Amino acid sequence: MGTEPSPAAADVPEPPKGSSAAPHLILIDGSGYIFRAFHALPPMTRPDGVHVNAVFGFCSMLGRFLEQHAGTHIAVVFDSARLTFRNEFYPAYKAHRPEPPEELIPQFALIREATAAFGVSCVELPGFEADDLIAAYAKAMEAQGGQVTIVSSDKDLMQLVRDAVQLLDPIKQKPIRAPEVFEKFGVTPDKVVEVQALAGDATDNVPGVPGIGIKTAAQLITEYGDLETLLARAGEIKQPKRRETLLENAEKARISRRLVQLDADAPLPEPIEAMVAKPPEPARLGAFLREQNFRSLMARMGVGDARASIPSRVSSGPAPVVEADPAAAPFGPYETITTEEALRAFLAGVDGVLGLDTETDSLDALKARLVGISLATAPGKAAYIPLRHGSNDILNPAPVQLSLEAVLALLGPVLTDPGTLKVLHNAKYDLEVLAQPANGGIAVAPVDDTMLISYAMDAGRWSQGMDPLSEQHLGHTPITFDSVTGKGPKRITFDLVPLDAATAYAAEDADVTLRLWLKLKPRLREEKALALYEQVERRMVGVLAAMEMDGIKVDGVELRRIGDDFAGRLVTLEAECHRIAGRAFNVASPKQLGEILFDEMGLKGGKKGKTGAYSTDARVLEDLSAQGAELPKVILEHRQLAKLKSTYVEGLASAIAADGRVHTDFSMAVTSTGRLSSTEPNLQNIPIRTAEGRRIRDAFIAEPGHVLMSADYSQIELRLLAHLAEVPTLRDAFEKGQDIHARTASEVFGIPLESVDKESRRRAKTVNFGIIYGISAFGLGAQLGVAPGEARGIIDAYFRQYPGIRNEMERLKEEARLKGYVLSPFGRRLWIRDIAAKDPVLRAGAERQAINAPFQGGAAEIIKRAMVRVPQALAAQGLQARMLLQVHDELVLEVPEAQVEATAMLMKHVMEEVAALRVPLVVEVGSGKNWADAH
DNA sequence: GGCATCACG
DNA sequence: GACGTACGTGATGCCA
C-alpha cells in the first residue's frame with residue numbers, strides 16, 4: 001500500500017474567519033477524490049474479483065480528512081449523470097470526455113456506500129453537476145451566516161470564493177482564498193466567470209474566444225468590468241485583430257459564460273440540517289471495510305476485527321471440508337430449536353454469513369403467517385425454529401416452541417446486522433414475509449440470493465428452483481415440500497406438519513441454500529457476471545419488494561359495472577350463436593365450434609396439431625368471416641368479452657386486497673431473456689389494444705390527491721438494433737427523431753420519405769418487428785398475409801439495404817452455435833437450448849431465440865437499471881412518488897398531484913440517461929386519474 | 001394436466 | 001430440397 005496518497009498533515013487551515021460558534025459546512029468534491037484515487041493507485045481487487053482501488057483510495061483520503069478537519073456539517077457531492085442542463089443549450093459541453101475506465105465504473109456505487117459507512121451525507125442530483133450543488137449549498141450556508149470549506153482543486157469552483165467561502169486543495173492541503181484566485185485568474189473571485197468566458201477551457205469544450213487566454217482576458221475584464229460591457233464597447237479596442245475576433249465570437253463568449261457560471265439556485269437534494277457531522281459508527285464502518293477486505297484501513301480507523309473478510313472466506317473456506325466440496329458434509333440430521341439457550345448456542349456459531357429460510361402457511365408473502373425459521377451456519381450445520389406449529393385442536397396440540405417475540409429478540413439483531421450476510425433462495429419472498437408487522441416487521445439486510453446468483457449466469461440453461469439447483473450443483477435431492485405436506489385436497493399447511501418432518505425439510509433448505517451460495521458466488525466473478533448480479537439483480541430485490549407491497553389501487557365498483565355490462569352482452573351473443581348454428585352448443589368449446597363450422601356448416605378449413613382438432617383461433621375465424629360467414633364474427637366478439645370478463649373483471653376483482661389494492665408477484669428468474677414476469681395476478685398483460693379492453697384500465701386508479709404516471713421507452717428494441725448493428729441510416733433516423741418505420745419503408749421499398757403511405761409504413765413496421773423476432777419468410781408472410789415467396793423478396797430487399805443487420809443476425813447465430821449462449825449488450829449470458837439440435841425445426845427455432853434474446857434481454861436490463869435508480873433519485877429530490885408496476889418497457893407510478901411536473905422530468909431523465917447507446921433513448925411520460933388516461 | 005386460446009410487451 | 005416457425009410471458013376454460 002506504499003503508493004497510497006498521503007496528503008501532508010501540515011498547514012491545516014483554520015476555518016474561514018468568523019465566530020467559532022457559527023456553523024461550518026464542508027463540501028467534498030467526490031469526483032475529484034474518485035479520479036485522483038483511481039489514477040494514483042495500482043489495480044486492487046477484493047477476493048471476489050471486484051476492483052476496489054478507487055474505493056480504497058477514497059476511503060483512505062476521506063478517513064484522513066475526517067481525522068484532521070472539523071466542520072459542524074459535512075457532505076460529499078457527486079456528479080450524477082453525464083448530461084446536465086448545460087448540454088441542453090450546448091451539446092458539445094464535456095461531450096468528448098472518454099467513458100470512465102471499465103474497472104472504475106462498478107466502484108462508483110461502492111464509493112457512495114463508503115461515504116454512507118463513514119456517516120457522511122452523499123449528495124447528487126440528476127441534471128446538475130457536483131459543482132452546481134456545491135454552489136447552491138455554499139450560497140445556502142452563507143445565507144444562514146455560516147462558513148463553507150470546499151474540498152477541491154477544481155478551478156471552476158474558484159468563482160465561489162468569498163469571505164465566508166474558501167476552497168481547500170486536497171493534495172497540497174492549502175487553502176484557496178481571494179489572493180490565490182487572483183494569482184490564477186488575475187481578477188477577484190467575482191470576476192472569474194468573466195475571464196473564463198473569454199479564455200474558454202479546452203478540457204471541458206468551453207469555446208471561449210479564439211486567441212484570448214487568461215492573461216488577456218484578465219486584462220480586458222479589469223479594464224471593462226465584465227463581459228457584456230466589454231462586448232458592448234468592443235469597437236473601442238485598439239488592436240484590430242483582437243477587436244475583430246471579439247466581435248465575431250461574441251455569442252461564443254456568451255455561451256461560454258453560461259457554461260462556466262455555476263447554478264447557485266440548483267435545488268438542494270438534502271437539507272443542510274441533515275448533514276450534521278458525526279463520528280462514524282464503528283460497527284457500520286467496520287462491516288463495510290471488512291466487506292472490501294481493507295484490513296489496513298480497519299486497523300487505522302480502529303474499527304472492527306480485521307481478520308478474515310467475508311469474501312475471502314468464500315474462497316479460502318472456514319474449514320477444509322467446505323473448500324473441498326460444499327456437498328461433502330451430510331444433509332442432516334438437523335437440530336430443532338425450542339429453547340432460548342439452544343438458540344443462543346446456535347447463533348454463537350454464526351460467523352459472517354447465515355443461510356436463512358422461512359416457512360409459512362401461504363405462497364402469498366403479504367398474507368403469509370410466519371410458521372418457522374431455519375438457519376444454516378455451515379454445510380451440514382442447520383436448525384429449524386418452529387414458531388407457530390400445531391393448533392388449538394386437542395388432536396394436534398401445539399408443541400413446545402419459542403414465541404416469535406423471544407426468537408426475534410435474539411435473532412433480530414443478527415438479521416439486521418450489517419456484518420452478517422444473510423443468504424436466501426428467492427429472498428424477495430422471505431423479506432416480504434419478515435417485513436409484515438405480524439411476522440416481526442424486520443428489515444433483513446444485507447442479503448444475497450442464490451436464485452439470482454444462478455440466474456445471472458444460467459438464465460435459460462436450467463430452472464433456478466432450489467431443488468433443480470441442488471441436483472445440479474450439489475448432487476443432492478432435497479426432501480420435497482409435497483412429501484411433508486401432502487398434495488391435492490389432503491394437503492396440510494406447514495404449521496400442521498410434525499416438528500421432526502418440518503425440521504428435516506426446512507433446515508435442509510437453509511443448508512442447501514448456504515451450500516449453493518458457497519459454490520455459486522465465486523463463479524460470478526469467473527463468468528463475468530458479478531457486476532450484473534451486484535448492481536442490477538441484487539438491488540432489484542428491495543425495489544420489487546417495495547412495489548409489490550405498495551400494490552396498485554383498483555376500483556372494484558367500476559369493475560363490477562363493466563362486468564355487468566359484459567355479462568348482459570354475453571347472454572345475447574350466446575343466443576345469437578345458437579340461432580345461427582341452428583342448435584345449442586358450448587360457445588367456449590373450440591372442439592364443438594370446429595365441428596359446427598367445418599362439419600355441419602361445411603366451411604373450409606383444415607385440421608391442425610397432434611390432437612387432430614380443428615383450429616378455430618382468431619386468425620381462422622377472421623378468414624371465415626371475410627369469406628362471408630356469419631357465425632365466426634359473433635364468436636369472436638363473444639370470445640373477446642368472455643376473456644375480458646373472466647380473466648380481467650373477475651380475476652382482478654378477486655385479487656383486490658383489504659387495502660383496496662392489487663399486489664402482484666414479480667418473478668425475477670423465470671424468463672430466458674432477463675425480463676421480469678408477473679403472476680397472481682399478471683399485471684403485465686392488462687388489455688389496451690381494443691376499446692372494450694381499455695375499459696379495464698379505467699379501473700386502475702390513484703389515491704385521492706394523486707395521479708397515475710406512465711413512463712415508457714419508445715422503440716427500445718429497435719434502438720438496440722441500431723445500437724448493436726452497423727446501420728448508419730437507422731442511427732441517423734433515431735438521431736433526428738424521425739418516424740423509424742416510415743424511414744424503413746422509404747429505404748426498403750425505395751419511395752421518398754414524404755410520400756410513404758400508411759400501408760407501406762405498416763409493412764415496414766411488421767418487418768422491423770420480424771427482424772427482432774428472428775425473421776423467416778414464412779412467419780413474415782403469415783403476418784403480412786402474403787405468400788412466403790413475396791415475404792422472401794421483402795426480407796432480401798431489407799438486408800440489401802441494411803447489410804449490417806444481416807451481419808449481426810449471422811454473428812448471433814454463430815455465437816450461439818459456438819458457445820451455447822449469446823451475450824446481451826450488458827453482458828448477460830443468455831443460454832440457447834437446442835442450438836445444436838439435429839432436428840432442423842428445433843434448431844431454426846433456437847436460432848430465432850438467439851437473435852431475439854439480446855434485444856429483449858438488453859431492453860430488460862436497461863429498464864432494470866432505471867428501476868434501481870428511480871427510488872434513489874426520487875428520494876434525493878424529496879419526491880413522494882412511488883413506483884408500482886413494470887411492464888417490460890413501461891414504469892407506472894403513483895404521484896402526488898403537486899409533484900407531477902417534477903416527477904415527470906426526473907423519470908424522463910433517469911430512464912433516458914441510464915445507458916449510453918449509439919442512439920438516444922427516448923422516454924414518453926403521461927399521467928392521469930387512471931391507467932388508461934396516463935397513456 | 002395438457003391443449004387451445006388470447007391478453008400484454 | 002424439405003422441414004413448418006415469427007420472440008418472450010401467464011390465466012382461463014375445456015376435456016380427456
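Model, not experiment: these values are computed from the prediction. Atom set for the values below is all heavy atoms of this structure, side chains included, hydrogens, waters and symmetry mates excluded. Proteins come first, then strands; the chains are lettered A, B, ... in the order of their sequence lines, and each starts at number 1.
- What separates CG of A/L718 from P of C/dC7 is a distance of 17 Å, to the nearest Å.
- At the heavy-atom level, A/G770 lies under 4.0 Å from base atoms of the strands shown.
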What string of B, S and - do you get for nucleotides 9-14 of chain C, 5' to 3', when a contact is any protein heavy atom under 4.0 Å? SBBSSS
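- Going from atom CZ of A/F778 over to atom C1' of C/dT5 covers 7 Å, rounded to whole Å.
- At a threshold of 4.0 angstrom between heavy atoms, the contacts of A/I686 are confined to the sugar-phosphate backbone, with no base atom among them.
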Going by atom type alone, with no hydrogens or angles, which donor-acceptor pairs under 3.5 Å involve a side-chain atom of residues 833-844 of chain A and a protein atom two or more places apart or on another chain?
unit_1 : atom_1 : unit_2 : atom_2 : d
A/R833 : NE     : A/G460 : O      : 3.3
A/D839 : OD1    : A/V841 : N      : 2.9
A/R843 : NH1    : A/A837 : O      : 2.9
A/R843 : NH1    : A/K838 : O      : 3.4

Under a 3.5 Å cutoff on both atom distances, Watson-Crick or G-U, what's the dot-bracket for DNA chain C ([ ] crossing, | other strand)? ......|||||||||.
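- Of the side-chain N and O atoms in A/T690, none sit less than 4.0 angstrom from OP1 or OP2 of B/dA7.
- The interatomic distance linking A/L885 (CG) with B/dC8 (P) rounds to 15 Å, in whole Å.
- Note: CD (A/Q783) to P (C/dG4) measures 21 Å, nearest angstrom.
- Rounded to an integer number of Å, the gap from A/Q886 CD to C/dG8 C1' is 13 Å.
- Rounded to an integer number of Å, the gap from A/R694 CZ to B/dA7 C1' is 14 Å.
- Proximity of residues 834-848 of chain A to DNA chain C (heavy atom under 4.0 angstrom from any strand atom) is restricted to A/P840, A/V841, A/R848.
- With salt bridges taken as basic N to acidic carboxylate O contacts below 4.0 Å, none links A/D933 and A/R697.
- Under the 4.0 Å criterion applied to side-chain N and carboxylate O atoms, A/E912 and A/R869 are not assigned as salt-bridge partners.
- Between the side chain of A/Q738 and the backbone N or O of A/R743 there is no donor-acceptor pair closer than 3.5 Å.
- Inter-residue side-chain proximity for A/I701 and A/L708 is flagged as unmet; no heavy-atom pair is nearer than 4.5 Å.
- A/Y773 and A/F769 have tilted rings, their planes meeting at an angle from 30° to 60° on a 0 to 90° scale.
- Comparing the P positions of B/dA4 and C/dA6 gives a spacing of 13 Å, expressed to the nearest Å.
- Side chains of A/Y533 and A/D449: no donor on one and acceptor on the other come within 3.5 Å.
- Within the structure, every pair that satisfies the salt bridge (Lys or Arg N to Asp or Glu O under 4.0 Å) test and touches residues 850-866 of chain A, not counting sequence neighbours, is listed here: A/E537-A/K864, A/R828-A/E861.
- Put simply, CG on A/L593 is 15 Å from C1' on C/dC15, counting in whole angstrom units.
- Classified by interplanar angle (parallel below 30°, tilted 30° to 60°, perpendicular above 60°), the ring pair A/Y614/A/F598 is tilted.
- Aromatic stacking is not marked for A/F855 over C/dC7, as the cut-offs of 5.5 Å for the centres and 30° for the planes do not both hold.
- Look at CD1 on A/I696: it is 17 Å from P on B/dC6, rounded to the nearest Å.
- Residue A/R689 places no side-chain N or O under 4.0 Å from the OP1 or OP2 atom of B/dA7.
- B/dT5 and C/dT5 are spaced 14 Å apart, taking the P atom of each and rounding to whole Å.
- Residue pairs meeting the salt bridge (Lys or Arg N to Asp or Glu O under 4.0 Å) criterion with at least one member in residues 576-590 of chain A, sequence neighbours excluded, are A/E576-A/R579, A/R579-A/E630, A/R583-A/E600.
- A/T664 comes within 4.0 angstrom of nothing in the nucleic acid, heavy atoms only.
- In summary, A/E726 and A/R806 do not engage in a salt bridge, as defined by a charged side-chain N under 4.0 Å from a carboxylate O.
- Nucleic acid contact class of A/A618 (heavy atoms, under 4.0 Å, all strands): sugar-phosphate only.
- Salt bridge present: A/K428 and A/D665 bring a charged side-chain N and a carboxylate O closer than 4.0 Å.
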